[in-house]
Number of protein chains: 2
Amino acid sequence: MAPRKTVTLKDIAAAANVSRAAAARALNGYGYVGAATAERVIEIAAQLGYRGNRVAQALRGGQLPLVGFVPGDIQNPFFAQIAHDIDAQLRQSRQSLLIASSAESVAQERDLIESFRALNVRGVIVAPAASPTRPHLEALLHEGVPLVLIDRAVEGLPCDCVSVDNAGGARAAVGCLIAAGHRRVAVIHDDQRIVTARDRLAGYAGALADHGIALDARLIAVAQSTVAQATEATIRLFRQPDPPTALFTLDSLMTKGALLGLRALGLSVPRDVSLVGFDDFDLATFTEPQITVVAQPVAQIGPLAVRMLLERMRGSTEPPRHVQLPTRLIRRGSVAPPGGGAAATDSAC
Amino acid sequence: MAPRKTVTLKDIAAAANVSRAAAARALNGYGYVGAATAERVIEIAAQLGYRGNRVAQALRGGQLPLVGFVPGDIQNPFFAQIAHDIDAQLRQSRQSLLIASSAESVAQERDLIESFRALNVRGVIVAPAASPTRPHLEALLHEGVPLVLIDRAVEGLPCDCVSVDNAGGARAAVGCLIAAGHRRVAVIHDDQRIVTARDRLAGYAGALADHGIALDARLIAVAQSTVAQATEATIRLFRQPDPPTALFTLDSLMTKGALLGLRALGLSVPRDVSLVGFDDFDLATFTEPQITVVAQPVAQIGPLAVRMLLERMRGSTEPPRHVQLPTRLIRRGSVAPPGGGAAATDSAC
DNA sequence: GTGAAAGCGCTAACAC
DNA sequence: GTGTTAGCGCTTTCAC
């Protein structure tokens with residue numbers, strides 16, 4: 001209980017009968033120190049439980065061994081895995097990780113970046129929230145703090161970025177549906193708030209255009225990215241006269257909602273409607289049939305982002321790189337030809 | 001790009017033609033400062049983009065506004081939610097959160113605590129990994145660093161703790177199975193590595209004892225907490241001669257594994273076997289039928305832990321509190337009487 | 001090889 | 001009211 005006074009360099013210097021300078025040299029193993037002295041100092045330090053004071057070190061020389069990470073939401077498995085990977089990678093370079101979710105709010109993101117700046121972090125990884133301008137990120141760059149964007153690119157921000165090919169993935173997903181014979185492919189999207197949603201929607205439109213299918217506004221539903229809203233949107237979509245025969249959902253929460261909505265409607269997948277979702281998720285392989293999805297290379301994002309960040313922290317001044325990782329269509333059992341045709345185990349999809 | 005020299009208190013003092021002390025007083029709003037001076041200083045500071053240097057402040061006075069959190073695994077939704085809640089709560093007291101998973105390894109936990117100590121964090125929240133001794137946590141306490149344990153209590157460690165009633169929850173779960181008429185209730189558990197698993201297993205044994213049912217070693221399977229291992233364990237359990245009629249799983253990963261194993265065996269829930277899992281999870285309401293589970297009050301853990309921590313950080317010296325939150329049995333559709341009896345929509349469970 | 005001394009940026013007595 | 005001064009714990013020239 002007694003908040004024992006922390007042992008400082010001065011203490012161990014005194015105990016070893018050397019100057020603080022000599023002690024520091026011994027402990028950090030630089031400069032000239034007599035082998036005997038060094039050994040003695042090190043032993044005494046160990047004995048007294050000396051542990052150095054990063055704060056003082058940071059004040060003197062550089063910065064604290066701190067890196068900040070701002071995901072949209074740490075509860076999202078996508079970000080949770082990335083956080084885990086960043087954590088694991090960063091630990092090897094003995095950096096500690098500050099994590100704080102922006103909850104997709106720019107204001108919150110700004111505050112977080114602000115506090116990171118005050119702490120003088122060595123670098124920051126952020127999944128930027130949607131916003132027309134981003135002065136806080138620019139300020140970071142301006143101060144020379146290494147910054148890596150993940151998941152969402154930001155135009156005009158000269159920094160490294162790791163994202164996935166959202167448009168391409170969506171195009172492939174919808175293409176697969178079209179290849180199976182669908183013409184009336186619905187989509188649920190998320191009000192365009194986030195860049196990724198916009199790109200995925202663009203991919204949807206692109207796939208339709210590729211095959212000369214006109215966009216039909218009645219097949220495009222808007223919902224916030226929650227299970228409940230997606231469920232409702234699905235129900236609206238399929239209660240229309242002349243309903244769609246297939247559905248493409250822009251993220252895994254929406255895919256879950258779609259599943260629930262379809263179930264509520266008594267519609268069976270893939271017999272009554274075919275379904276493809278963006279983003280793989282654990283539930284996708286538990287359903288019967290399993291759900292066909294566009295999988296993102298989540299496991300690559302964190303490690304790559306860290307590698308880029310460390311390079312910058314080491315002083316690299318290469319021009320910013322924007323890596324766009326490819327997605328992968330995982331064909332499972334949720335796609336079949338329209339009109340309750342044959343089960344499509346081995347269809348084009 | 002140009003790492004513009006950070007503006008320091010000295011700079012703004014010079015620009016305002018006052019001493020550093022006066023400037024500091026104006027900026028931090030303490031002590032006597034002339035209103036005019038204060039205003040001028042503040043304006044100049046804003047103009048120059050002064051932002052103070054927490055590191056220097058910390059060196060001088062107290063500590064950095066840092067709190068550490070060591071979950072077992074940030075990817076586990078249980079910990080992800082807690083992390084989210086801690087983050088949200090802590091933000092209000094303007095603390096930044098360091099998060100690093102122990103991966104259930106004491107060695108890693110020790111290293112993390114070590115680095116937190118070096119950073120002089122204000123407090124630590126940890127889900128302690130299984131270990132006979134915990135010198136690093138004791139050291140923390142000894143230094144007077146506030147520490148709150150979550151999810152797992154540690155005997156003999158005089159600090160606050162928030163856990164759930166694992167034994168009681170398990171007892172209720174198994175009791176429910178027994179009430180439905182089951183006598184041969186199997187359990188899959190996790191090698192006793194973690195305290196929670198041990199308590200849940202004790203609850204299982206307790207429920208059996210309550211009803212005069214003898215423990216049967218052949219009904220107790222060991223598996224690590226992974227879907228794959230639990231799947232195998234389930235298959236082993238139900239391939240025996242005289243197989244169980246009900247199954248209790250100790251966490252959600254295992255429940256998923258059990259579902260898969262049962263499906264592989266062609267066994268239907270709850271007709272052929274009844275199932276109750278510890279820990280609620282999203283999939284539990286997607287399956288047909290939905291799975292009966294023992295739900296933990298996850299949403300309470302983080303906020304409560306933070307409240308306790310903040311109190312300690314404010315200097316409270318109350319005796320340590322150990323709060324054990326109650327669990328709740330959520331009766332869904334995975335329990336029925338044994339022997340393919342009637343569907344148990346409204347059975348005792 | 002080792003010690004003395006000068007700060008890093010900030011705060012808080014204490015003097016004026 | 002405001003300035004002077006003395007450090008917080010550490011690193012790092014620069015003498016010796």
Side-chain angles (χ1 to χ4, degrees), chain A residues 3-42 44-45 48-66 94 115 117-122 143, chain B residues 3-42 44-45 48-66 115 117-122 143-144:
Chain A
R4 177 177 56 178
K5 178 185 163 300
T6 41
V7 356
T8 154
L9 185 60
K10 190 157 65 176
D11 299 334
I12 89 115
N17 256 314
V18 289
S19 71
R20 277 144 64 217
R25 281 192 286 255
L27 259 6
N28 301 315
Y30 71 95
Y32 292 94
V33 211
T37 317
E39 201 169 324
R40 186 157 42 95
V41 167
I42 289 175
I44 292 187
L48 266 52
Y50 173 72
R51 54 186 55 273
N53 180 333
R54 302 248 173 228
V55 175
Q57 287 168 230
L59 177 57
R60 184 62 181 75
Q63 298 156 295
L64 259 0
L66 254 32
R94 327 209 107 266
S115 57
R117 286 211 282 168
L119 284 170
N120 237 294
V121 299
R122 285 203 154 98
E143 282 169 10
Chain B
R4 176 177 59 177
K5 178 184 166 300
T6 41
V7 353
T8 155
L9 185 60
K10 191 157 65 176
D11 298 335
I12 87 115
N17 254 313
V18 289
S19 73
R20 276 145 63 218
R25 281 193 286 257
L27 259 7
N28 300 314
Y30 70 95
Y32 293 94
V33 212
T37 318
E39 199 170 326
R40 185 159 40 96
V41 167
I42 290 174
I44 291 188
L48 266 51
Y50 173 72
R51 53 185 56 271
N53 181 333
R54 301 244 173 233
V55 175
Q57 290 171 333
L59 178 59
R60 183 62 181 76
Q63 299 155 296
L64 260 358
L66 253 31
S115 58
R117 286 212 281 169
L119 284 170
N120 236 293
V121 297
R122 281 194 152 89
E143 282 170 8

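First the proteins, then the strands, lettered A, B, ... as listed; each starts at 1.
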To the nearest Å, how far apart are [X] [atom1] and [N] [atom2]?
X	N	atom1	atom2	answer
Tyr32(B)	dC16(C)	OH	C1'	16 Å
Glu39(B)	dG1(D)	CD	P	16 Å
Leu119(A)	dG9(C)	CG	P	16 Å

Closest approach of Ala23(B) to Ile12(B) (non-hydrogen atoms, all atoms of both residues):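 It is CB-CD1, 4.0 Å.
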Taking only N and O in the side chain of Thr37(A), is any of them less than 4.0 Å away from OP1 or OP2 of dT2(C)?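 Affirmative; the distance criterion is met.
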Does any part of the side chain of [Y], heavy atoms only, come nearer than 4.5 Å to the side chain of [X], both counted from C-beta?
X	Y	value
Leu9(B)	Leu27(B)	yes
Val33(B)	Val41(B)	no
Asn120(A)	Thr6(B)	no

Does any N or O in the side chain of Arg40(B) come within less than 3.5 Å of the main-chain N or O of Ala16(B), such that one atom is a donor and the other an acceptor?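 Checking the backbone N and O of Ala16(B) against the side chain of Arg40(B), a donor-acceptor pair under 3.5 Å is found.
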Indicate every side-chain donor-acceptor pair of residues 49-56 of chain A with a distance under 3.5 Å to a residue at least two apart or in another chain.
residue  : atom : partner   : partner atom : Å
Arg51(A) : NH1  : Glu114(B) : OE2          : 2.2
Arg51(A) : NH2  : Glu114(B) : OE2          : 3.2
Asn53(A) : OD1  : Val55(A)  : N            : 2.8
Asn53(A) : OD1  : Ala56(A)  : N            : 3.1

Could you write nucleotides 8-16 of chain D as a row of B, S and -, 5' to 3', where a protein heavy atom under 4.0 Å of any base atom gives B, of only sugar-phosphate atoms gives S, and otherwise -? BBBBB----
May I ask you to say what Val18(B) touches in the nucleic acid, namely base, sugar-phosphate or nothing, with a heavy-atom cut-off under 4.0 Å?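 Contact class for Val18(B): sugar-phosphate only.
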